[in-house]
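Note sheet for the following structure.
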Amino acid sequence: QVQLVESGGGLVQAGGSLRLSCAASGRTFSTYAMGWFRQAPGKEREFVAAISWGGYNTRYADSVKGRSTISNDNAKNTMYLQMNSLKPEDTAVYYCALQRNNGLGRRLYDYDYWGQGTQVTVSS
């Protein structure tokens with residue numbers, strides 16, 4: 001089994017920044033991709049960003065492109081999401097996920113393991 005634990009969420013004013021982290025532990029794979037999703041109250045979970053093994057390829061949702069940077073440290077089995085210029089509409093629970101086939105999927109079912117989520121609240 002794989003355990004994913006997110007951290008770094010919190011309350012921030014509009015225009016501020018946050019850095020989310022996701023630490024993976026347990027069963028390991030030779031290569032894998034990871035991604036971030038978010039779910040706002042009353043809405044479906046949506047794709048935010050994904051990164052391949054080694055960080056060679058990334059993919060972003062249009063809603064965060066240019067404001068967010070996804071990165072990883074494979075030696076530490078940790079992924080990050082730096083979010084800048086935060087907006088109230090970024091308020092959501094942010095989930096990290098792991099995809100065994102090292103793709104850059106943007107669909108929920110592309111991912112095999114999920115974390116419990118971390119709350120991000122952006123005040124106006």
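Positions are given from 1 along the sequence.
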Close side-chain approach of K87 and V122, heavy atoms under 4.5 Å
no
Whether the side chain of T118 engages the backbone of G9 through a donor-acceptor N/O pair (distance < 3.5 Å, no angle test) should be reported.
yes
What are the two closest heavy atoms between Y56 and W53, and how far apart are they?
CD1-O, 3.3 Å
Side-chain (S52) to main-chain (N57) donor-acceptor, under 3.5 angstrom:
yes
Does any N or O in the side chain of T91 come within less than 3.5 Å of the main-chain N or O of P88, such that one atom is a donor and the other an acceptor?
yes
Distance in Å, R27 CZ paired with L98 CG, rounded so as to fall on 0.5 Å steps:
10.5 Å
Can you name the closest pair of heavy atoms from S17 and S85 and give their distance?
OG-N, 4.4 Å
Can you confirm whether or not the ring centre of Y111 sits under 6.0 Å from the ring centre of F37?
yes
Strictly distance-based, threshold 3.5 Å: is any side-chain N or O of E6 a donor or acceptor partner for the main-chain N or O of Q116?
yes
Taking all non-hydrogen atoms of both residues, which atom of Y60 and which atom of A49 are closest, and how far apart?
CD2-CB, 3.7 Å
Has the side chain of N102 got a donor or acceptor atom that lies under 3.5 Å from a matching backbone atom of T31?
no
V2-Y94 co-clustered via ILVMFWY side chain contacts under 4.5 Å:
yes
Between T121 and V12, does a side-chain contact (heavy atoms from CB on, under 4.5 Å) hold up when you go through it step by step?
CA-CA 6 Å; T121 303; V12 63; over 6 Å; no
Determine whether W114 and M34 fall in the same hydrophobic cluster, where Ile, Leu, Val, Met, Phe, Trp and Tyr are linked whenever their side-chain heavy atoms lie under 4.5 Å apart.
no
Any donor and acceptor pair, going by atom type alone, linking the side chain of N72 with main-chain N or O of T78 inside 3.5 Å?
no
Can you tell if the side chain of E46 reaches within under 4.5 Å of the side chain of R106, non-hydrogen atoms only?
no
Which pair of heavy atoms, one from S123 and one from L11, lies closest together, and at what distance?
CB-CD1, 4.3 Å
Nearest heavy atoms of A33 and G103, plus distance in Å
CB-O, 2.8 Å
Determine, using the 4.5 Å side-chain heavy-atom cutoff (strictly less than), whether L4 and I51 are members of one ILVMFWY cluster.
yes
Under the criterion side-chain contact (heavy atoms from CB on, under 4.5 Å), I'd like the reasoning laid out for S68 against L81: C-alpha separation, chi angles, the key distance, then a yes or no.
CA-CA 7 Å; S68 298; L81 183 68; 4.1 Å; yes
Check whether NZ of the Lys or CZ of the Arg R38 lies under 6.0 Å from the centre of the six-membered ring of Y95 and within 45 degrees of that ring's axis.
no
Pair L20-M83, side-chain contact (heavy atoms from CB on, under 4.5 Å): steps then yes or no:
CA-CA 8 Å; L20 306 183; M83 300 189 295; 3.9 Å; yes
Are any side-chain N or O atoms of R45 and backbone N or O atoms of Q39, one a donor and one an acceptor, separated by less than 3.5 Å?
no
So, D73 side chain and A75 main chain: donor-acceptor pair closer than 3.5 Å or not?
yes
Using 4.0 Å as the upper bound for N to carboxylate O, is an ion pair formed by D62 and K65?
yes
Say whether V120 and M79 are linked into one hydrophobic cluster, either directly or through other cluster members, by side-chain heavy-atom distances under 4.5 angstrom.
yes
Check whether Y80 forms a cation-pi arrangement with R19 (NZ or CZ under 6.0 Å from the six-membered ring centre, at most 45° off the ring normal).
yes
Shortest non-hydrogen separation from L104 to Q99 and the atoms involved:
N-OE1, 3.8 Å
Under 4.5 Å between side-chain heavy atoms, hopping through other hydrophobics if needed: is there a path connecting W36 to Y113?
yes
Might you confirm whether atom CD of Q82 has over 12 heavy atoms from other residues, nucleotides or ligands at distances under 6.0 Å?
yes
